[in-house]
Amino acid sequence: MSKTAFSPANILLPRECGLTKWAVVACDQYTSQPEYWERVDKYVGDAPSTLRLILPESKLESDNVDQEIQKINHTMEQYLADGRLQELEDAMLLLERKLSNGKTRLGLLGKLDLEQYSYEKGSGTPIRATEGTVLSRIPPRMKVRRNAPIELPHIMVLIDDPQKEIIEPLATDKAKKEMSGVYMTSLMERGGRIAAHLLSKKQAEKVEDQLAALGDPQRFAETYHAEGKPVLVYAMGDGNHSLATAKACWEELKPTLSPEEQLTHPARYALVELVNLYDDSLEFEAIHRVLFGVDPKKLMADFLAAYPGAHYGEGEGHQITYVLPGGEKGVVTVPNPTAQLEVGTLQTFLDKYLEENGGKIDYIHGEDVVESLVSQPDSIGFLLPSMTKDQLFPTVIFDGALPRKTFSMGEAHDKRFYMEARKIK
């Protein structure tokens with residue numbers, strides 16, 4: 001068994017094909033822009049591509065989804081039979097992704113042990129969701145994975161390494177001399193460029209040792225002032241519902257296997273990209289709230305009543321800015337908050353208010369967009385501060401998970417592209 005939940009994997013790589021047409025962006029992007037996927041389809045044409053191995057989420061609810069899934073599984077089998085995919089055994093890859101803004105994101109590709117992960121609320125596993133998992137989103141995705149012979153991940157998992165001691169040193173020229181180049185290509189649709197390097201066995205072993213050290217209970221308790229709390233090493237960045245689907249499929253399969261088979265079955269693991277929370281390219285952007293079909297005066301009165309000592313104006317505690325129709329702005333302060341973040345204080349109240357009074361909520365990027373939307377009557381906006389990186393792990397440790405739509409992590413075209421795969425049967 002590995003020293004930690006993340007370890008080298010048998011990685012499938014494309015061979016004898018154009019990589020720019022092979023790699024496409026995560027399936028959960030551009031869900032309201034079918035023209036994006038139509039454009040990609042036209043560009044790829046008949047060339048080998050991961051576009052034929054994934055189901056864009058915009059198609060999950062379509063009438064012919066079952067036929068689409070059968071077609072995908074057949075193409076997977078065909079690519080395997082044709083030798084389109086070659087296996088790199090027991091491999092850990094360093095990924096260098098040059099983003100459209102010129103910054104470089106570093107990642108490590110390997111597999112995560114699903115036995116050490118839970119998406120259940122309040123779980124204490126080493127791998128955890130950072131936001132609440134919407135359970136209704138899992139069954140449709142299970143239909144895609146259940147009979148698939150291979151997986152293609154768009155999962156990005158974060159580690160908390162502010163000193164940049166684990167991934168970043170691998171990107172130096174000296175470290176890369178010990179590696180062998182695997183691929184290098186440009187990515188379509190403003191995706192930038194990506195290169196992959198195979199770590200030496202010695203380098204991969206060092207990574208596992210360093211990750212195991214992150215999971216040392218004493219170090220964990222001291223770092224986060226979290227005596228008695230279960231250790232958290234891996235926090236979801238992107239692709240939470242994909243990892244949850246892999247877990248659900250594994251739990252479904254597990255009872256059919258012997259104890260010995262359960263230890264080594266490939267479906268026990270999921271291929272993921274590990275990224276340092278403190279990677280220079282990662283930028284957390286706040287997601288604001290706008291409510292429609294509500295009485296702003298009643299809502300604000302109820303908000304103040306919901307928290308003892310809450311008052312208008314700045315003060316000690318959580319300060320939340322509100323925007324009223326007509327452009328009026330103000331601040332409410334909630335003293336002695338129980339949540340780690342302002343968004344937790346606000347969202348807890350809004351969920352209860354909407355349930356009791358009706359109305360609609362939307363999640364918005366950009367203060368200017370909030371202000372323009374609140375120009376209509378019966379609406380109110382709330383502007384939230386950006387979460388800082390050092391708040392992520394403590395919030396998950398002490399609050400269980402972030403409220404949904406707490407932060408955004410990069411533009412759609414900068415999300416993970418499908419390149420590598422792994423056998424799960």
Side-chain angles (χ1 to χ4, degrees), residues 6 8-9 11 13-14 18-26 28-29 50 88 91-110 112 130 152-200 203-204 206-207 210-211 214 234-239 271-285 365 386-390 392-393 407-420:
F6 182 83
I11 298 171
L13 293 161
L19 295 183
T20 306
K21 289 188 176 184
W22 172 265
V24 301
V25 81
D28 59 350
Q29 300 303 305
T50 55
L88 205 56
M92 192 181 287
L93 302 183
L94 171 70
L95 304 180
E96 293 182 294
R97 172 80 177 274
K98 189 90 167 178
L99 303 175
S100 56
N101 61 10
K103 292 187 176 181
T104 298
R105 184 174 71 227
L106 300 175
L108 285 176
L109 194 75
L112 270 187
T130 49
L152 293 98
H154 70 262
I155 300 162
M156 276 177 38
V157 177
L158 302 174
I159 56 170
D160 191 9
D161 180 21
Q163 303 306 316
K164 300 182 177 178
E165 294 173 333
I166 300 176
I167 299 175
E168 285 79 1
L170 293 167
T172 62
D173 290 340
K174 183 182 176 186
K176 282 196 278 192
K177 280 179 183 170
E178 291 183 42
M179 304 178 195
S180 48
V182 178
Y183 63 76
M184 182 186 293
T185 185
S186 57
L187 298 169
M188 66 173 77
E189 295 281 341
R190 296 191 296 149
R193 294 187 61 79
I194 189 166
H197 314 268
L198 175 64
L199 272 66
S200 69
Q203 288 170 320
K206 183 180 178 184
V207 167
Q210 290 173 306
L211 293 172
L214 283 186
Y234 306 95
M236 292 305 302
D238 270 336
L271 199 61
V272 305
E273 182 178 348
L274 207 62
V275 177
N276 184 10
L277 171 62
Y278 289 90
D279 188 283
D280 293 338
S281 74
L282 287 191
E283 295 176 6
F284 286 1
E285 296 172 6
H365 297 266
S386 293
M387 185 181 74
T388 59
K389 291 184 177 185
D390 60 2
L392 178 64
F393 272 66
F407 67 93
S408 167
M409 207 170 76
E411 302 285 339
H413 53 264
D414 291 331
K415 299 294 184 183
R416 185 168 161 72
F417 272 57
Y418 300 110
M419 179 70 79
E420 308 87 355

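These values consider heavy atoms only, across backbone and side chains, with no hydrogens, waters or symmetry-generated copies.
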query = Is any side-chain heavy atom of Leu214 less than 4.5 Å from a side-chain heavy atom of Tyr234?
reply =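 Side-chain contact under 4.5 Å: no.
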
Minimum heavy-atom distance [X]-[Y], with the two atoms named:
X: Leu187; Y: Ala23; answer: CD2-CB, 3.7 Å
X: Leu106; Y: Ile167; answer: CB-CG2, 3.9 Å
X: Ala175; Y: Pro169; answer: CB-O, 3.4 Å

Whether the side chain of [X] engages the backbone of [Y] through a donor-acceptor N/O pair (distance < 3.5 Å, no angle test) should be reported.
X: Thr50; Y: Met419; value: no
X: Thr20; Y: Ser186; value: yes
X: Lys389; Y: Leu277; value: yes
X: Ser100; Y: Gly191; value: no
X: Gln210; Y: Glu165; value: yes
X: Arg416; Y: Pro153; value: yes
X: Asp161; Y: Asn276; value: no

ask   = So which of Leu93, Val272, Leu170, Val157 actually passes side-chain contact (heavy atoms from CB on, under 4.5 Å) with Leu108?
value =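 In the set Leu93, Val272, Leu170, Val157, the residue that makes a side-chain contact (heavy atoms from CB on, under 4.5 Å) with Leu108 is Leu170.
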
query = Is it true that Glu273 and Arg97 make a salt bridge, defined as a side-chain N closer than 4.0 Å to a carboxylate O?
reply =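 Not counted as a salt bridge, because no side-chain N and carboxylate O are separated by less than 4.0 Å.
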
ask   = Taking NZ, NE, NH1 and NH2 as the nitrogens, is one of them in Lys103 or Glu283 under 4.0 Å from a carboxylate oxygen of the other?
value =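 Salt bridge: yes.
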
message = If the test is side chain to side chain donor-acceptor pair (under 3.5 Å), which one of Gln203, Glu96, Glu178 qualifies with His197?
response =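 Filter result, single survivor: Glu96.
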
message = Taking atom NZ as the centre, does Lys206 end up with more than 12 heavy-atom neighbours from other residues, nucleotides or ligands that are less than 6.0 angstrom away?
response =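 No, not enclosed.
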
